[in-house]
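Heads up: the structure comes next, in structure tokens.
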Number of protein chains: 2
Amino acid sequence: MVKEKKKESCFKGEELEHGKCMGMIMPVRDALDILSGKWKLPIIISLTFGNKRFSQIAKEIPGITDKMLSKELRDLEMNELVKRTVYDSVPVVVEYSMTAYGKSLNKVIEELRKWGAQHRQRIMKK
Amino acid sequence: MVKEKKKESCFKGEELEHGKCMGMIMPVRDALDILSGKWKLPIIISLTFGNKRFSQIAKEIPGITDKMLSKELRDLEMNELVKRTVYDSVPVVVEYSMTAYGKSLNKVIEELRKWGAQHRQRIMKK
DNA sequence: CAGTATCCTGCACGATACTG
DNA sequence: CAGTATCGTGCAGGATACTG
């Protein structure tokens with residue numbers, strides 16, 4: 001969800017670089033707003049490994065509560081990253097899956113994973 | 001790189017997929033921990049455009065307070081992403097710059113920027 | 001200029017109980 | 001099974017003032 005951003009104040013003399021800088025900051029913030037929080041990425045990652053039901057996701061993500069899982073799934077659904085499908089069997093089965101749009105996050109996540117793994121290595125050496 | 005296409009569930013006894021899943025989640029969380037918060041990425045991006053002094057960064061990032069800038073710079077320095085250099089002229093000049101390690105974030109940030117820009121486009125159309 | 005020192009507030013997140 | 005409903009609380013972040 002795009003939150004309202006504060007308008008930049010323009011200072012004379014540095015408008016060129018300042019503009020370039022803001023041009024990067026804003027989209028990066030947009031991306032981070034979508035992904036931020038403790039549970040969104042874990043949920044997304046879990047779903048990239050296959051469609052899952054509510055309780056399956058809960059099991060795969062240690063520590064998450066029903067409330068948080070429910071809320072975060074709703075957020076992700078609103079942003080069209082995740083699709084919720086209800087099969088009206090008895091009892092009701094609800095399946096969550098990544099949308100095509102959600103899958104477009106793959107490269108971002110892969111870069112985060114690579115950097116994070118390398119960072120972890122680096123920390124351990126000390 | 002060989003990617004096994006694994007389908008389906010993570011029921012009892014199926015530790016394999018769960019392990020793979022956790023193996024992704026943890027480094028991604030590590031990366032996000034470093035970058036999370038309202039100001040870290042803006043500061044990093046600002047510094048990728050060149051070394052800056054404290055007040056220059058403050059000017060380039062609308063809304064940030066001295067306190068937050070100071071705190072975040074200290075965090076980034078501790079993680080060795082940013083270097084702080086004091087020139088003992090009069091008055092004292094302090095210059096902040098990205099370390100080589102900090103620059104290794106470039107690809108991550110670029111992916112975030114690309115996705116964020118595209119996402120912004122998508123939102124605007126609605 | 002380059003920051004600290006205080007004080008304050010909201011809300012992200014948690015614990016627990018309950019439901020169709 | 002797939003979630004709500006309530007009731008907390010810690011801490012990220014903000015406002016404002018001050019300093020070497």
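Below, chains carry the letters A, B, ... as their sequence lines are ordered, and counting in each starts from 1.
Taking 4.0 angstrom as the limit, B:Y96 places a side-chain polar atom (N or O) nearer than this to OP1 or OP2 of C:dG3. OP1 or OP2 of D:dG14 has not a single side-chain nitrogen or oxygen of B:T65 nearer than 4.0 Å. In this structure, B:R74 reaches the C:dT4 phosphate: one of its side-chain N or O atoms is under 4.0 Å from OP1 or OP2. Between D:dA2 and A:R53, a contact under 4.0 Å exists linking OP1 or OP2 to a side-chain N or O. Put simply, A:S55 has a side-chain N or O that comes within less than 4.0 Å of OP1 or OP2 on D:dA2.
Judged purely by atom type and a 3.5 angstrom limit, B:T99 uses its side chain to pair as donor or acceptor with the backbone of B:E80.
Distance A:L73 CG to D:dA2 C1': 11 Å, rounded to the nearest Å. Rounded to a whole Å, the OH atom of A:Y87 is 12 Å from the P atom of D:dA2. Atom C1' of nucleotide C:dA2 and atom CG of B:D66 are separated by 8 Å, given to the nearest angstrom. Protein atom CG of A:L69 is 16 Å distant from nucleotide atom P of D:dA5, rounded to whole Å. Rounded to whole Å, the distance from CD1 on A:I61 to P on C:dG14 is 12 Å. At whole-Å resolution of the value, CD1 in B:I64 and P in C:dA2 are 15 Å apart. Atom pair B:E72:CD and C:dG3:P shows a separation of 14 Å (rounding to whole Å applied). Atoms CG (B:L76) and C1' (C:dG3) sit 16 Å apart, rounded to a whole Å.
Summarising the geometry of A:D66 relative to A:F54, their closest heavy-atom pair is O-CZ, 3.7 Å, with the distance given to 0.1 Å. Taking each heavy atom of A:A31 and B:L112 in turn, the nearest pair found is CB-O, 3.5 Å.
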message = The test is side-chain contact (heavy atoms from CB on, under 4.5 Å); show your working for A:M24 and B:I109 and say whether it passes.
response = CA-CA 9 Å; A:M24 278 196 73; B:I109 294 172; 3.8 Å; yes
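We find that A:K114 and B:E111 are not joined by a salt bridge, their nearest charged nitrogen and carboxylate oxygen being 4.0 Å or further apart. Under the 4.0 Å criterion applied to side-chain N and carboxylate O atoms, B:R113 and B:E110 are assigned as salt-bridge partners.
DNA chain D lies under 4.0 Å from at least one heavy atom of each of the following residues of residues 27-45 of chain B: B:G37, B:K38, B:W39.
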Acceptor/donor pairs from residues 83-94 of chain A side chains to any protein atom, 3.5 angstrom cut, sequence neighbours excluded:
residue	atom	partner	partner atom	Å
A:R84	NE	A:Y96	OH	3.2
A:Y87	OH	A:E95	OE1	3.4
A:S89	OG	A:P91	O	3.1

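When Watson-Crick and G-U wobble pairs are counted only if both distances are under 3.5 Å, D:dT6 pairs with C:dA15. Remark: C:dG20 base-pairs with D:dC1. Criterion, Watson-Crick or G-U wobble with two distances under 3.5 Å.
The nearest heavy atom of DNA chain D to A:K67 and to A:V94 marks one nucleotide each, and the one closer to the 5' end goes with A:V94.
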